[in-house]
Amino acid sequence: MLNIRYELTTQKKEKPDQTKLGFGKYFTDHMFIMNYTEGKGWYDPRIVPYQDITLSPAATVFHYAQEMFEGLKAYKTPEGHIQLFRPDKNIERMNNTNRRMCIPEVDPADVLQALKAIVAADSDWVPDNPGTSLYIRPFIIAIDAQLGVKVASNYLFIIILSPVGAYYASGINPVKIFIETEYTRAVRGGTGYAKVGGNYAASLIGQKKAEEMGYAQVLWLDGIEHKYVDEVGAMNVFFVIDGEVLTPSLEDGSILPGVTRDSVIALLNNWGYKVSERKIAVAEIIEAHRAGKLDEAFGTGTAAVISPIGELNDDGEIMIINDNKIGPLSQKLYDNLTGVQWGRLEDTFGWIERVK
Ligand SMILES: *Cc1c(COP(=O)(O)O)cnc(C)c1O
């Protein structure tokens with residue numbers, strides 16, 4: 001149990017227009033912070049006004065990127081309750097990332113308490129327009145003021161909150177994806193399975209290249225042969241081929257184990273679909289498309305939930321999927337997941353954690 005200290009703001013901010021939220025542009029009145037020092041453990045958990053933080057220019061995180069982050073959302077139900085979707089999965093992944101990054105672990109019960117406390121403190125910021133939610137960004141940074149390369153002894157654990165609209169301005173319309181064969185996002189033995197800024201820093205150049213060519217995101221391939229499918233942008237990827245649902249397996253450690261991915265697999269299994277988690281060669285996707293058997297493709301992630309793929313570009317070969325329309329399975333998954341998240345459908349899997 002954390003003994004959270006509250007220092008509440010006396011100057012609440014004006015709330016942004018719910019129709020113009022975008023993603024991650026506005027922040028709420030408060031944030032959660034907790035310190036760590038070796039030998040002392042995590043201490044001084046507090047909820048304070050949202051504010052800038054001061055760090056030494058030598059702080060480890062600036063130079064060697066010893067840091068981690070998470071992403072989940074709080075949703076407002078039609079009855080006015082506020083709820084989280086599978087926060088236990090984010091907390092479990094948080095500690096998996098911490099172990100990979102040599103960051104001290106956090107007590108799962110403490111993190112859940114902190115998440116609920118900060119969301120409750122700023123519950124008036126959870127928007128209720130259709131498709132909107134409160135994005136929750138927990139992160140840990142190493143803050144030792146010294147330039148030697150070593151595991152830091154001091155850290156900050158912070159949670160900030162941002163009211164967000166639908167992820168894509170265009171709703172859940174299909175996106176165009178460029179298959180990247182030059183750059184690599186992650187490789188076996190690396191940090192692909194960990195949610196860390198470094199993975200994103202490495203991916204920006206591919207994302208930029210794709211955008212310059214008119215594509216929304218990159219389809220990342222395995223880092224060794226550039227032959228097998230890993231992820232699409234910051235989402236896990238699924239293909240529906242001849243009625244069977246395929247997604248890359250997690251075993252190489254180059255793929256981020258998404259909570260949405262796990263939830264999609266659970267729903268599909270429950271509905272009786274055949275779901276295979278295995279290595280998927282790009283060549284297979286191309287072949288299936290040529291044979292008219294690539295029924296649907298979509299990305300999954302907390303931010304966009306389900307993002308249908310309307311077009312894939314493989315070195316100039318353009319594959320249009322499902323006529324550039326949302327496929328029936330993508331739509332069904334989107335409706336069911338968002339239905340449970342926003343409290344419109346029954347939570348048969350026990351995925352919901354009520355905040356208030
Ligand atoms: C966060 C993330 C995902 C999606 O994970 P969810 O838990 O479903 O939000 C997928 N890929 C990468 C690289 C990510 O960082």
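Just follow the structure's listing: the first ligand is 1, and inside any ligand the first atom is 1.
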> Around Glu346, counting heavy atoms of other residues, nucleotides and ligands shown, do more than 12 lie under 6.0 Å from its CD?
Replying inline: no

> Using 30° and 60° as the class limits, which term best fits the ring planes of Phe27 and Tyr50: parallel, tilted or perpendicular?
Replying inline: parallel

>> I'd like to know whether the aromatic ring centres of Phe23 and Tyr135 sit less than 6.0 Å apart in this structure.
In response: yes

> Is Lys12 atom NZ crowded by more than 12 heavy atoms from other residues, nucleotides or ligands, each under 6.0 Å away?
Replying inline: yes

>> For atom 8 (O) of ligand 1, what is the closest protein heavy atom, and at what distance to 0.1 Å?
In response: Thr260 OG1, 2.6 Å

>> With heavy-atom distances below 4.0 Å as the criterion, list the atoms of ligand 1 near Gly301.
In response: 4 (C), 8 (O), 9 (O)

>> Please state which option from Tyr200, Phe69, Tyr193 has its nearest heavy atom closest to atom 15 (O) of ligand 1.
In response: Tyr200

> Taking it one step at a time, do Arg261 and Glu277 satisfy salt bridge (charged side-chain N to carboxylate O under 4.0 Å, His left out)?
Replying inline: CA-CA 11 Å; Arg261 174 188 185 277; Glu277 295 178 65; 2.8 Å; yes

> Which atoms of ligand 1 sit under 4.0 Å from any heavy atom of Val259?
Replying inline: 6 (P), 7 (O), 8 (O)

> Within less than 4.0 angstrom of ligand 1, does Lys89 place any heavy atom?
Replying inline: no

>> Quick check on Ala234 - does any of its heavy atoms sit under 4.0 Å from an atom of ligand 1?
In response: yes

> Among Asp144, Asn35, Val61, Ile140, which one satisfies side-chain contact (heavy atoms from CB on, under 4.5 Å) with Tyr155?
Replying inline: Ile140

> Would one find an N or O of Thr300, backbone or side chain, under 3.5 Å from an N or O of ligand 1?
Replying inline: no

> Would Glu70 count as a contact of ligand 1 if the rule is a heavy atom under 4.0 Å away?
Replying inline: no

> Tell me: protein heavy atom nearest atom 5 (O) of ligand 1, and distance?
Replying inline: Gly258 CA, 3.3 Å

> Say you draw a straight line from CZ of Arg86 to OG1 of Thr260; how long is it, rounded to the nearest 0.5 Å?
Replying inline: 9.0 Å

> Does Lys73 approach ligand 1 within less than 4.0 angstrom via side chain, backbone, both or neither, non-hydrogen atoms only?
Replying inline: neither

> What residue and heavy atom of the protein are closest to atom 9 (O) of ligand 1, and at what distance?
Replying inline: Thr302 OG1, 2.6 Å

> Within a radius of less than 6.0 Å around NZ of Lys150, do more than 12 heavy atoms belonging to other residues, nucleotides or ligands occur?
Replying inline: yes

> Just wondering, more than 12 heavy atoms not from Arg188 lying within 6.0 Å of its CZ?
Replying inline: no

>> Need the ligand 1 atom indices (1-based, order shown) with element for anything under 4.0 Å from a heavy-atom of Arg93.
In response: 5 (O), 6 (P), 7 (O)

> Got the closest protein heavy atom to atom 1 (C) of ligand 1, with its distance?
Replying inline: Lys195 NZ, 1.4 Å

>> Suppose we measure from atom 12 (C) of ligand 1 to each protein heavy atom; which comes out shortest, and what is that distance?
In response: Glu231 OE1, 3.4 Å

